[in-house]
**Q** 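If you scroll down you'll find the structure; I have some questions about it.
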Amino acid sequence: MQVKFGRETASDAPAAALLLGWYDRHARALPWRVSPAAFRRGARPDPYRVWLSEVMLQQTTVAAVKSYFERFTSRWPSVEALAQAPADEVMAAWAGLGYYARARNLHACAKAVAAEHGGRFPRTAEGLKRLPGIGDYTGAAIAAIAFGERVAVVDGNVERVVSRLHAIEIPLPKSRPAIRAHVDAMTPASRPGDFAQAMMDLGATICTPRRPACAICPVRPLCTAQAKNEQDRFPVKLPKRAKPARRGAAFVAVRRSDGAVWLRRRPEAGMLGGMAEPPTTGWSAKGDGATGAEAAPFPAAWAHRGVVSHGFTHFDLALDVWHAVVDETGETMDGWWSPPGRIGTEALPTLMRRAIALATERDGKPA
DNA sequence: CATGCGTGGAT
DNA sequence: TATCCAAGCAT
């Protein structure tokens with residue numbers, strides 16, 4: 001359908017009212033959230049917790065975020081505390097959550113808020129978006145939820161919900177301007193944060209990507225796609241490109257005396273930037289790295305222990321894992337020995353943890 | 001504006 | 001097993 005930008009579609013305001021009513025009854029209880037009832041009593045969420053949760057939730061599920069959120073807020077209860085934390089501790093605490101540029105930006109953002117804003121987050125989406133790691137979505141979400149700004153909050157859930165409500169045939173991402181116009185028309189001046197969370201809850205629990213639960217949807221009477229029983233066809237998306245298959249190798253050297261593993265730090269920019277790894281070959285989305293023992297960082301009795309398969313966003317990696325027990329080496333290279341008691345606290349991405357686990361397991365069990 | 005950037009769960 | 005994809009951002 002055509003959207004008249006800047007003008008309300010007839011169904012937008014009624015849909016918003018239905019959604020808020022539904023949220024009052026069915027809002028999910030989440031650690032960073034203030035319930036609708038508490039909100040009515042005057043409670044407001046802590047901007048620090050809202051910000052932290054929104055950054056963690058970028059392209060990441062609620063289930064995956066919860067334990068990380070608890071650990072971060074227990075360890076760093078305020079933005080000032082996080083700002084003062086050493087960078088490597090923040091990266092290590094983020095290890096396993098993915099998209100590691102988020103962790104670097106998170107720390108940079110905390111420092112900026114502490115140093116340049118007196119420890120207080122800007123209260124508008126526009127001001128928030130000037131901070132590292134905060135873009136259109138996150139800035140709007142924090143401003144609406146934590147500060148009550150009436151601003152359109154558009155994430156993947158909202159795109160799906162609105163695409164169905166209006167049976168938008170233009171494929172994403174081209175349809176984004178039209179979707180944004182609808183969301184802006186829907187967003188109420190009162191409780192814009194609850195409205196945003198209501199849209200996201202609806203998308204996460206009812207208006208799901210597959211098999212949406214239209215039977216219990218509060219906005220079903222206003223949904224164009226459902227009226228045609230074509231909800232599964234929306235949102236229309238452009239086809240994706242196939243992921244290339246890439247190869248590489250990891251070399252897990254274990255010190256004979258204490259079982260320590262030799263690790264190094266990856267460059268700040270690019271894949272797994274700033275994270276720890278056992279030495280690996282030059283694999284990337286663009287090309288393969290060497291896979292054989294001749295590519296090892298130093299001579300040793302390297303034994304092939306298997307292959308770890310790992311899917312990245314843009315390519316699938318098959319990483320050959322080599323293992324060697326060494327008496328002593330590497331001290332002249334950049335890196336460090338990580339003893340068994342410390343390996344769990346290193347900033348190791350999941351891929352690298354799996355490679356180390358494969359290299360060091362015995363008879364199918366962890367060493 | 002297209003591309004690069006993780007991971008785990010659901011189907 | 002293969003595929004999709006989840007509260008996006010930076011460049």
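Residue numbers start from 1 in every chain, and the chains themselves are labelled A, B, ... in the order their sequence lines are given, proteins ahead of strands. Keep in mind that this is a model prediction, so the values were computed, not measured.
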**Q** Among dA10(C), dT7(B), dC5(B), which nucleotide has an atom closest to any side-chain atom of F315(A)?
**A** dC5(B)

**Q** Let's see if you get this right: which residues in residues 190-204 of chain A place a heavy atom under 4.0 Å from DNA chain C?
**A** M200(A)

**Q** Could you go step by step and tell me if F69(A) and F72(A) meet the ring-ring contact (aromatic ring centres under 6.0 Å, His included) rule?
**A** CA-CA 5 Å; F69(A) 181 82; F72(A) 266 73; 8.9 Å; no

**Q** Think R71(A) forms a cation-pi with Y68(A), using NZ or CZ under 6.0 Å from the six-ring centre and within 45 degrees of its axis?
**A** yes

**Q** Using a cut-off of 4.0 Å on non-hydrogen atoms, how would the nucleic acid contact of L97(A) be classed: base, sugar-phosphate, or nothing?
**A** base

**Q** Just call it for L30(A): base, sugar-phosphate, or nothing, with non-hydrogen atoms closer than 4.0 Å on any strand.
**A** base

**Q** Among dA6(C), dG8(B), dG6(B), find the nucleotide with the atom closest to the side chain of L272(A).
**A** dG6(B)

**Q** Both L131(A) and R28(A) contact DNA chain C. Taking the nearest nucleotide for each, which residue is further toward the 5' end?
**A** R28(A)

**Q** Are a donor atom and an acceptor atom from the side chains of D201(A) and H26(A) found within less than 3.5 Å of each other?
**A** no

**Q** Between S190(A) and R150(A), do the side chains contain an N or O donor and an N or O acceptor separated by less than 3.5 Å?
**A** no

**Q** Could you tell me whether the side chains of R164(A) and Q226(A) share a donor-acceptor contact shorter than 3.5 Å?
**A** no

**Q** If you check the Q59(A) side chain, which of dA10(B), dC5(B), dG6(B) turns out closest?
**A** dG6(B)

**Q** Need to verify one output field. Residue with the more 5' nearest nucleotide on DNA chain B, R241(A) or T313(A)?
**A** R241(A)

**Q** So, does K240(A) get its side chain near the phosphate of dC5(C), meaning an N or O under 4.0 Å from OP1 or OP2?
**A** yes

**Q** dT1(C) C1' sits how many Å from D316(A) CG, rounded?
**A** 12 Å

**Q** Looking at dG6(B), dA10(C), dT7(B), which one has an atom nearest to any side-chain atom of M271(A)?
**A** dG6(B)

**Q** Look at Q58(A) and dG8(C) and indicate whether a side-chain polar atom (N or O) is within less than 4.0 Å of OP1 or OP2.
**A** no

**Q** Please state whether the rings of W322(A) and F251(A) are parallel, tilted or perpendicular, taking 30° and 60° as the class boundaries.
**A** parallel

**Q** Assess, by modelled atom type and distance only, whether the side chains of Y137(A) and E54(A) contain a donor and an acceptor separated by less than 3.5 Å.
**A** yes

**Q** When you check the phosphate oxygens OP1 and OP2 of dT7(B), does a side-chain N or O of Y100(A) lie under 4.0 Å from one of them?
**A** yes

**Q** What is the nucleic acid contact for K286(A), judged by heavy atoms within less than 4.0 Å: base, sugar-phosphate only, or nothing?
**A** sugar-phosphate

**Q** Round to a whole Å and report the spacing from CZ of R246(A) to P of dC5(B).
**A** 12 Å

**Q** Quickly work out the L348(A) CG to dT7(B) P distance and round it to whole Å.
**A** 11 Å

**Q** Taking OP1 and OP2 of dC5(C), is either one under 4.0 Å from a side-chain nitrogen or oxygen of T61(A)?
**A** no

**Q** Just checking P349(A): base, sugar-phosphate only, or nothing, at a heavy-atom cut-off of under 4.0 Å?
**A** sugar-phosphate

**Q** For dT3(B), does either OP1 or OP2 sit under 4.0 Å from a side-chain N or O belonging to H314(A)?
**A** no

**Q** Is it true that S67(A) and E70(A) share a donor-acceptor pair across their side chains at a distance under 3.5 Å?
**A** no

**Q** Does T60(A) have a side-chain nitrogen or oxygen under 4.0 Å from the phosphate oxygens OP1 or OP2 of dG8(B)?
**A** no

